[in-house]
Amino acid sequence: MRTSRRIIFALMLGATPVATPGFAFDGAPVKPDATLPMMNQPAAAQAVTAQALKKAPPAPPATATPVAASSLTSLQYAAEGGHPVAQWKLGRMYADGNGVIQDDLRAFEYFSRIANAHAEDSPSAPQAAIVANAFVALGRYYLNGIPNSKIKADTDRAREMFSYAASYFGNADAQYDLARLYLKTPDASRDDFRYGARWLGLAAQKGQHQAQAMLGQMLFNGDRLPRQPARGLMWLTLARDNAAPDETWIRESYNRAFAKASDDDRAMALQMLEHWVQGKRD
């Protein structure tokens with residue numbers, strides 16, 4: 001993850017040096033295995049089944065115009081042979097409409113193949129990141145469903161997908177999505193919030209910029225967490241530096257926090273950023 005020096009220098013405007021302690025998202029060390037709900041491997045492997053899929057006919061050659069027909073055929077051949085990288089590439093192509101006609105159901109099928117075949121692969125296996133990302137993609141499909149298909153919105157199934165990728169593979173995107181499910185539940189219990197905050201902290205520590213932005217907002221505003229404006233500004237700065245061009249909510253959140261922060265808060269956030277750049281994250 002890159003951290004631009006211009007972002008750090010921005011915090012120095014009007015700031016004066018202030019001593020600061022080590023930091024974590026809630027003021028205490030984050031323990032990945034502390035009271036987090038885990039999902040057993042067999043259950044997750046069974047969660048994605050071929051019965052949930054509505055088979056689509058093979059795409060005619062004309063749909064592959066932007067992509068060389070030979071390249072598409074090679075990917076399809078490799079995918080049919082069980083190659084997870086090819087299955088992932090095709091899944092993303094159909095999900096994004098990149099070089100082929102956009103087709104969420106086809107994308108869902110390719111991601112499902114990966115999840116079904118590799119759910120119990122070692123988290124250190126070369127393809128582990130692809131497998132985890134496939135679970136995340138499936139979880140996001142289950143959140144909203146796929147129109148005109150058998151894939152209906154199912155929050156519980158989405159939670160299973162995110163939980164497995166977050167706990168078994170340690171995937172930061174899954175941890176963020178899982179945190180949002182816990183934190184955004186209208187009738188969230190105290191345990192729900194505790195789980196959500198811990199998953200959010202884990203994702204932020206791994207550099208997931210959306211988690212950093214959300215956590216920064218909560219800490220700066222004192223939203224269900226003890227207010228820590230300097231730490232919140234630190235997280236928002238990191239998130240702002242890595243936000244995509246269309247993620248205006250992150251830049252706006254940073255700008256509001258920076259404008260409201262005191263000189264002392266800015267100085268403390270600066271020191272926290274310097275610790276982060278140096279790899280001192282305890």
Side-chain angles (χ1 to χ4, degrees), residues 23-48 52 111 115 119 123 131-146 151-229 231-236 238-239 247 249-250 253 257 281:
F23 60 93
F25 79 95
D26 62 355
V30 177
K31 298 180 179 179
D33 58 348
T35 65
L36 295 177
M38 305 290 281
M39 184 177 181
N40 63 65
Q41 298 176 29
Q46 296 167 4
V48 184
F111 297 142
V131 180
N133 286 331
F135 273 99
V136 172
L138 290 170
R140 291 174 179 174
Y141 274 125
Y142 277 122
L143 275 181
N144 302 306
I146 300 176
I151 311 304
K152 307 302 180 184
D154 187 335
T155 302
D156 289 338
R157 181 64 74 76
R159 191 188 303 269
E160 290 177 355
M161 301 294 105
F162 295 146
S163 179
Y164 191 68
S167 59
Y168 183 65
F169 289 104
N171 181 274
D173 288 332
Q175 291 169 348
Y176 168 65
D177 286 337
L178 187 59
R180 291 185 68 211
L181 278 182
Y182 279 116
L183 295 172
K184 299 292 185 180
T185 302
D187 56 348
S189 66
R190 183 173 298 182
D191 283 344
D192 287 336
F193 176 73
R194 186 173 76 252
Y195 291 145
R198 288 185 179 276
W199 284 122
L200 192 64
L202 287 171
Q205 290 281 358
K206 291 180 178 178
Q208 214 285 353
H209 70 277
Q210 294 163 320
Q212 291 173 337
M214 185 175 178
L215 182 57
Q217 285 179 327
M218 294 174 69
L219 288 171
F220 190 88
N221 297 322
D223 178 14
R224 294 180 290 174
L225 288 174
R227 188 167 187 267
Q228 301 178 64
R231 185 164 291 127
L233 182 58
M234 183 273 294
W235 285 123
L236 283 167
L238 290 169
E247 291 179 309
W249 68 275
I250 294 179
S253 294
R281 303 178 186 181

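All heavy atoms count here, side chains included; hydrogens, waters and symmetry mates do not.
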Euclidean distance, [Y] [atom2] relative to [X] [atom1], rounded to 0.5 Å:
X	Y	atom1	atom2	result
Leu143	Arg159	CG	CZ	9.5 Å
Leu215	Met234	CG	CE	8.0 Å
Asp177	Tyr182	CG	OH	13.0 Å
Arg227	Asn221	CZ	CG	7.0 Å

Minimal non-hydrogen separation, [X] against [Y], with atom names:
X	Y	answer
Ala166	Leu178	CB-CD2, 4.1 Å
Gly139	Ala158	O-CB, 3.3 Å
Arg157	Tyr142	NH1-OH, 2.8 Å
Met218	Phe193	CE-CE1, 3.7 Å
Ala179	Leu200	CB-N, 3.6 Å
Ala213	Ile250	CB-CG1, 3.8 Å

Checklist entry - Could you walk me through whether Trp199 and Leu181 pass the side chain to side chain contact (heavy atoms under 4.5 Å, CB included) check? => result CA-CA 10 Å; Trp199 284 122; Leu181 278 182; over 6 Å; no

Next on the checklist: Gln175 vs Gln208, test: side chain to side chain contact (heavy atoms under 4.5 Å, CB included). Steps then yes/no.
Outcome noted: CA-CA 9 Å; Gln175 291 169 348; Gln208 214 285 353; over 6 Å; no

Next on the checklist: Checking Asp191 now: which residues fulfil salt bridge (charged side-chain N to carboxylate O under 4.0 Å, His left out) with it, not counting sequence neighbours?
Outcome noted: Arg194

Next on the checklist: Under the rule for side-chain contact (heavy atoms from CB on, under 4.5 Å), what residues qualify as partners of Asn171, not counting sequence neighbours?
Outcome noted: Ala132, Asn133, Val136, Ala165, Asp173, Ala174

Checklist entry - Got a sec, which residues hit side-chain contact (heavy atoms from CB on, under 4.5 Å) with Ala257, two or more places apart in sequence or on another chain? => result Phe220, Leu233, Leu236

Next on the checklist: I'd like to know if the side chain of Gln212 reaches the main chain of Trp235, judged simply by a donor and an acceptor atom lying under 3.5 Å from each other, with no hydrogens or angles considered.
Outcome noted: no

Is there a side-chain contact between [X] and [Y] (heavy atoms, below 4.5 Å)?
X	Y	value
Asp223	Gln217	no
Ser163	Phe135	no
Glu247	His209	yes

Next on the checklist: Between Met161 and Tyr141, is the side chain to side chain contact (heavy atoms under 4.5 Å, CB included) condition met? List the steps.
Outcome noted: CA-CA 10 Å; Met161 301 294 105; Tyr141 274 125; over 6 Å; no

Next on the checklist: Angle between ring planes, Phe169 versus Tyr164, binned at 30° and 60°: parallel, tilted or perpendicular?
Outcome noted: perpendicular

Checklist entry - Between Gln210 and Arg180, does a side chain to side chain contact (heavy atoms under 4.5 Å, CB included) hold up when you go through it step by step? => result CA-CA 11 Å; Gln210 294 163 320; Arg180 291 185 68 211; over 6 Å; no

